[in-house]
Structures are given as C-alpha cells and as structure tokens.
2 protein chains.
Amino acid sequence: MEKNTDAILRKNHLSITDGRRRILELFLQQDGALSHGDIEKKAGEKFDRVTVYRTLQVFLEKGLIHSIPSVDNSIRYALCKDDCSGGRHRDDHVHFVCTSCGTTVCLEDVVVPAVKLPGGYVSEQVEMLVSGICKSCNH
Amino acid sequence: MEKNTDAILRKNHLSITDGRRRILELFLQQDGALSHGDIEKKAGEKFDRVTVYRTLQVFLEKGLIHSIPSVDNSIRYALCKDDCSGGRHRDDHVHFVCTSCGTTVCLEDVVVPAVKLPGGYVSEQVEMLVSGICKSCNH
DNA sequence: GTAACTGCAAAATATTTGCATCCTT
DNA sequence: AAGGATGCAAATATTTTGCAGTTAC
C-alpha cells in the first residue's frame, strides 16, 4: 500500500525522499502548526538542520504548507488544504495562538472578515492572528 | 525648549539618554514601522547593536511601541498611540504591508473587525495584517 | 545516467549575556 | 552617591551557501 505522504508529495510534483516523507508525516500527525525548531526536535537527532530549512522552503513554494506569522520571532507552518496546491493560496482562515499551551492552530472554519481600507490601498492578502485560550486549555 | 522626545520618555518613566532619544526620534520622523535592521541602518554607524536590542525591548515593555508580526522573519515596531502607555495595549488597528515598497504602516483608523470563534476558544488579542499596494505606490 | 536531494563544513547573520565604565537623576 | 544605561567582547543561536556524495526516477 502506498503511503499517504507519498501520494501528497507526488501530487505536488515533488520527488519522494525520506526527509520529505518524515517532515510531511509530522504535519499530518497533528493539527497544530510547527516551527522550524519544533520540526527539528520532533524529527529526532538523525536529521540535518539544513535539510529542514530546504524542505520547508520547497513545501512553501509548492503550496503544500503556508506560513503563519507570530509576535515572537518564530514563523510557524501549517498544511494547506487540498485545493491550494495550484500555486495560489486560499488561506483565508483565522490562525489562533494559545497563550497558555503555546500551540498555533488553523481555524479552518473561521473565515477572515472583510475589512474596508482607506482610499488608495489595495488589499491582496489578509492574515488574521488571534491569541487567547484554546479549546483544550479552557475548562 | 524641551525636546518632544524627552517629554515622551519622561511620561513613560524612562531615563533620558542619547540612545533612546535617537531611536525615538526615528519613530517620530516617519509613520511607518521599523525593524531592528532599519533602525541600525538609519541610526548610522555610531550605534551599538546591543543598545538597539535593549532599547526596543524597554520601549516594548513600557508600551511606547508595539510589535507587528510579518510573514518574513522580521518583526517590526511602531509607536503606540498616547493612551496605550498604561501597560495594556489597545492596538486594535489594522497593519498594512506594501508588497511594492516594502513599508509597513499602521492604519490607525481601520479597526479590526470582530470575529466569531468556535466554542471553547477565548480571544484575548487580535492582530490583522493586510498586504497589498499602499497609497503611495498606487497611481 | 541525470538531475535532484542530502549531509557536512563553513560562512554569514542575528541575538543574548557578562562585565567594566559612564551617565542620569 | 547609587542605580541604571551603554559599549565592548564573547558566547549562542539562526540561517545561508558551496560542494561532494547519494538517491530518485
């Protein structure tokens, strides 16, 4: 049986290698977003730091993942939904950062509301970043 | 006559030094946001890199400036409006990044629209980052 | 077989920390 | 005078680049 990861890589016109499989696996195993550091930690020792950089960059270019800015200096990445691999992204959902457990998740179902800009400004893309307490931490 | 910068520093309970004056001056001279690198460049050679780090951090703590995340790995900073120095910020405005000239500005007049989160999530702070073409680049 | 991917080494950058000195109050 | 701020040196951490060996197709 072919691995799930392999199908995804193939669909995105990427050659299938152990490194890519493994990183992709990490993303599939959880719904939260991962930073470069997270990946290095979770992938274990036998992984070159440089490969992680290059893999993330390729995944980004191919639209397999998207980047999520943050207020501390660490960008996180999350899987894109299926239909965004065509080159242009449709990441119009809200990102949530939990101030308690520190995880970042995509709220796929929450669409970023429209915003009216002053005259002269043209909006191309909107990122919305909400911080607070997540579902798991809140009880 | 007392300098404008000095009054601001005093109001924020910061001792008045050349370094702080100069960095604050940079923020006052323009309406866009500045990254650490921007400040180093604009401040000229006679400035220790470390002082910039420490000054920005102090300004942040005192609520004199706020940080603006970005999709590339560089956080930018912008002056807060007067009434946000009390410790808690009211930075509920939209930030705009121009993809043409690269500048980041605060759209003070554009309030971040409310967003409805799924059950269990509690929102504490919302950041909205719009990218596109700014007023100056658009003609 | 060829082009692409990886690991290693090293360079280039960026950030943090400790400490002695200087400046603000 | 005392506490805080700065500059310098150095320790860390992060990211990028070149190249030779390996792997996918």
Side-chain angles (χ1 to χ4, degrees), chain A residues 2-27 33-62 64-65 67-77 102, chain B residues 2-27 33-62 64-65 67-77 102:
Chain A
E2 182 174 71
K3 285 192 169 185
N4 190 13
T5 49
D6 293 11
I8 296 177
L9 288 173
R10 197 182 320 272
K11 196 174 81 177
N12 285 278
H13 310 101
L14 289 169
S15 53
I16 296 167
T17 66
D18 276 353
R20 290 176 179 173
R21 249 204 284 249
R22 229 151 109 211
I23 292 181
L24 185 47
E25 192 88 39
L26 289 178
F27 278 113
L34 295 171
S35 69
H36 176 102
D38 293 336
I39 293 171
E40 262 193 271
K41 264 179 248 126
K42 299 203 178 210
E45 284 309 317
K46 319 210 59 140
F47 225 135
D48 196 276
R49 183 190 293 276
V50 177
T51 301
V52 178
Y53 279 112
R54 290 196 269 225
T55 303
L56 285 176
Q57 185 161 332
V58 172
F59 281 7
L60 256 187
E61 283 167 8
K62 295 290 182 175
L64 220 152
I65 57 177
S67 65
I68 306 171
S70 73
V71 285
D72 62 342
N73 237 325
S74 68
I75 291 193
R76 286 161 190 283
Y77 304 89
Chain B
E2 181 173 70
K3 286 193 168 184
N4 190 13
T5 49
D6 293 10
I8 296 177
L9 287 172
R10 196 182 322 272
K11 198 176 78 177
N12 286 277
H13 310 100
L14 289 170
S15 53
I16 295 167
T17 67
D18 277 351
R20 290 175 178 173
R21 250 204 283 251
R22 228 150 113 214
I23 292 181
L24 184 47
E25 192 88 38
L26 289 179
F27 278 112
L34 296 170
S35 69
H36 176 101
D38 293 336
I39 293 171
E40 262 191 272
K41 263 179 248 125
K42 299 204 178 207
E45 284 310 315
K46 319 207 60 121
F47 225 135
D48 195 278
R49 183 191 293 277
V50 176
T51 301
V52 178
Y53 281 112
R54 290 196 269 226
T55 303
L56 285 176
Q57 185 161 333
V58 172
F59 281 7
L60 256 188
E61 283 165 9
K62 295 289 182 178
L64 222 152
I65 58 177
S67 65
I68 306 171
S70 74
V71 285
D72 62 342
N73 237 326
S74 68
I75 291 194
R76 285 159 192 285
Y77 304 90

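So that the names make sense, note that chain A is the first sequence line, chain B the second, and so on, each numbered from 1.
Computed from C1' positions of five pairs at each end, the angle between the two local axes of the helix from C:dG1-D:dC25 to C:dT25-D:dA1 equals 40°, rounded to 10 degrees.
The interatomic distance linking A:Lys62 (NZ) with C:dC5 (C1') rounds to 14 Å, in whole Å. Taking atom CG of A:Asp48 as the reference point, atom P of C:dA9 lies 10 Å away to the nearest angstrom. Computed from coordinates, the A:Glu40 CD to C:dG7 P distance equals 12 Å when rounded to whole Å. A:Leu56 places its CG atom 15 Å from the C1' atom of C:dC5, with the value rounded to the nearest Å. Rounding to whole angstrom units, CD of residue A:Glu61 and C1' of C:dC5 are separated by 14 Å. With rounding to whole Å, A:Gln57 atom CD is found 12 Å from C:dC5 atom P. Rounded to whole Å, the distance from CZ on A:Arg49 to P on C:dA10 is 16 Å. Atom OH of A:Tyr53 is separated from atom P of C:dA12 by 17 Å (rounded to the nearest Å).
The shortest side-chain heavy-atom distance between A:Phe59 and A:Asn12 does not fall under the 4.5 Å cut-off.
Listed candidates were C:dA4, C:dT24, C:dT17. Nearest to the side chain of A:Ser15 is C:dA4. Closest to the side chain of B:Val50, from the set C:dC5, C:dT16, C:dC8, is C:dT16.
At C:dC5, none of the side-chain N or O atoms of A:Thr51 fall inside 4.0 Å of OP1 or OP2 (strictly under the cut-off).
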(request) Kindly indicate, with the supporting measurements, whether the criterion side-chain contact (heavy atoms from CB on, under 4.5 Å) is fulfilled by B:Glu40 and B:Phe47. (result) CA-CA 7 Å; B:Glu40 262 191 272; B:Phe47 225 135; over 6 Å; no
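Read 5' to 3', the first and last nucleotides of DNA chain D with an atom closer than 4.0 Å to a heavy atom of chain B are D:dA5 to D:dT15.
Residue A:Ala33 comes nearest to A:Ile68 through the heavy atom pair CB-CD1, 3.8 Å, listed as atom of the first residue, atom of the second, then distance.
Between the CD1 atom of B:Ile8 and the CD atom of B:Glu25 there is a distance of 9.5 Å, given to the nearest 0.5 Å.
Judged by closest nucleotide on DNA chain C, A:Arg54 is the one of A:Arg54 and B:Asp18 placed further toward the 5' end. Residues A:Asn73 and A:Thr17 each lie close to DNA chain C; by heavy-atom proximity, the contact nearer the 5' end of the strand is made by A:Thr17.
With hydrogens and angles ignored, the 3.5 Å screen pairs no side-chain donor or acceptor of A:Arg76 with any backbone N or O of A:Ser70. Distance alone, capped at 3.5 Å, is enough to place a donor-acceptor pair between the B:Arg20 side chain and the B:Ser15 backbone. Between the side chain of A:Asp48 and the main chain of A:Val50, a donor-acceptor pair closer than 3.5 Å is present.
The side-chain hydrogen bond (donor to acceptor under 3.5 Å, both in side chains) search around B:Thr5 returns none, not counting sequence neighbours.
Screening A:Leu34, A:Leu64, A:Leu60, A:Asp38 for a side chain to side chain contact (heavy atoms under 4.5 Å, CB included) with A:Tyr77, the sole residue that qualifies is A:Leu60.
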